[in-house]
Amino acid sequence: AQTVTQSQPEMSVQEAETVTLSCTYDTSESDYYLFWYKQPPSRQMILVIRQEAYKQQNATENRFSVNFQKAAKSFSLKISDSQLGDAAMYFCAYRRYTGTASKLTFGTGTRLQVTL
Amino acid sequence: GAVVSQHPSWVICKSGTSVKIECRSLDFQATTMFWYRQFPKQSLMLMATSNEGSKATYEQGVEKDKFLINHASLTLSTLTVTSAHPEDSSFYICSARDVYEQFFGPGTRLTVL
């Protein structure tokens, strides 16, 4: 079974600084997706970024980028120029590549605080 | 992105009553819908997966007779919590997937007195 581990329960960053959230996963599959989701206090889950395992290039979405190390099974999220609105729970998630009913496996989450 | 709605956003009920939560994909047809439960300060726990017109597949440990899921159309799924008890109080989130992406509803807070 696939597992996703987020070893940082809480992180803090100053506004305008950069922070990196860690995620490791375990799978025997070769094709899969990895995601970072944000859950602000409203509790609405928001997709931050997605990475296909077959792509060597790291995904980037504006201030958010990932460092995908397939061999190490590591998938970290870097937030640059942090803003107050980035404060939220961040969940790393894994999903098999094939099958419309394939399930998301979530990590335990990292709570990010952004300070002035 | 696509929108998934949930209704109601919060509900309070008495112990022993049943509560129905609706999940709709507003601007796309969902091939698959998922129901999650989230306890405070914890991650999302998948309860069941459903495809339109077929029976839901429940995760291990989830009581299918307590949490009834109906996926009547490609845009509507319902979760009914039957004979609710205080331990069923939680935050319930639905999610709908089209071919490529999975989108989440805003969640429903259920409080059972």
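Everything quoted here is computed from the prediction, not taken from an experiment.
- Both A:L77 and A:Y25 sit in one connected hydrophobic cluster of ILVMFWY residues. Membership requires side-chain heavy atoms under 4.5 Å apart, directly or through other members.
- Rounded to the nearest 0.5 Å, atoms CD1 (A:I46) and CZ (B:F104) are 11.5 Å apart.
- Taken together through direct or relayed side-chain contacts under 4.5 Å among Ile, Leu, Val, Met, Phe, Trp and Tyr, A:I79 and A:L84 form part of one hydrophobic cluster.
- With hydrophobic clusters built from ILVMFWY side chains whose heavy atoms lie under 4.5 angstrom apart, A:W36 does not share a cluster with A:M89.
- In this structure, the portion of A:Y37 lying under 4.5 Å from any heavy atom of chain B is its side chain and not its backbone.
- The cluster map of Ile, Leu, Val, Met, Phe, Trp and Tyr, joined by side-chain heavy atoms under 4.5 Å apart, puts B:L76 and B:F67 in different clusters.
- Side chain of B:Q102 to backbone of A:K103: no donor-acceptor contact under 3.5 angstrom is found.
- With rounding to the nearest 0.5 Å, the separation of CD in B:E101 from CZ in A:R50 is 4.0 Å.
- Counting heavy atoms of neighbouring residues, nucleotides and ligands inside a 6.0 Å radius, atom NZ of B:K66 exceeds 12 of them.
- Neither the backbone nor the side chain of B:Q6 has a heavy atom closer than 4.5 Å to any heavy atom of chain A.
- At least one donor-acceptor pair under 3.5 Å links the side chain of B:S43 to the backbone N or O of A:G107.
- Contact annotation: the side chain of A:R43 approaches that of B:Q38 to within less than 4.5 Å [non-hydrogen atoms, C-beta and beyond].
- Under the 3.5 Å distance criterion, the side-chain polar atoms of B:R97 are matched with a main-chain donor or acceptor of A:S102.
- In A:K78, the NZ atom is not crowded: 12 or fewer heavy atoms of neighbouring residues, nucleotides or ligands sit closer than 6.0 Å.
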Any chance you could lay out the side chain to side chain contact (heavy atoms under 4.5 Å, CB included) test for A:Q44 and B:V4, step after step, and finish with the verdict?
CA-CA 10 Å; A:Q44 171 73 61; B:V4 175; over 6 Å; no
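- Heavy atoms from other residues, nucleotides or ligands lying under 6.0 Å from NE2 of B:H85 number more than 12.
- Residues A:Y90 and A:V13 share a hydrophobic cluster, clusters being chains of Ile/Leu/Val/Met/Phe/Trp/Tyr side chains in contact below 4.5 Å.
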Stepwise side chain to side chain contact (heavy atoms under 4.5 Å, CB included) check, B:Y36 with A:L104
CA-CA 11 Å; B:Y36 298 86; A:L104 281 170; 4.0 Å; yes
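- Between the CG atom in B:L44 and the CE atom in A:M45 there is a gap of 4.5 Å [rounded to 0.5 Å].
- For A:Q6, no part lies under 4.5 angstrom from a heavy atom of chain B.
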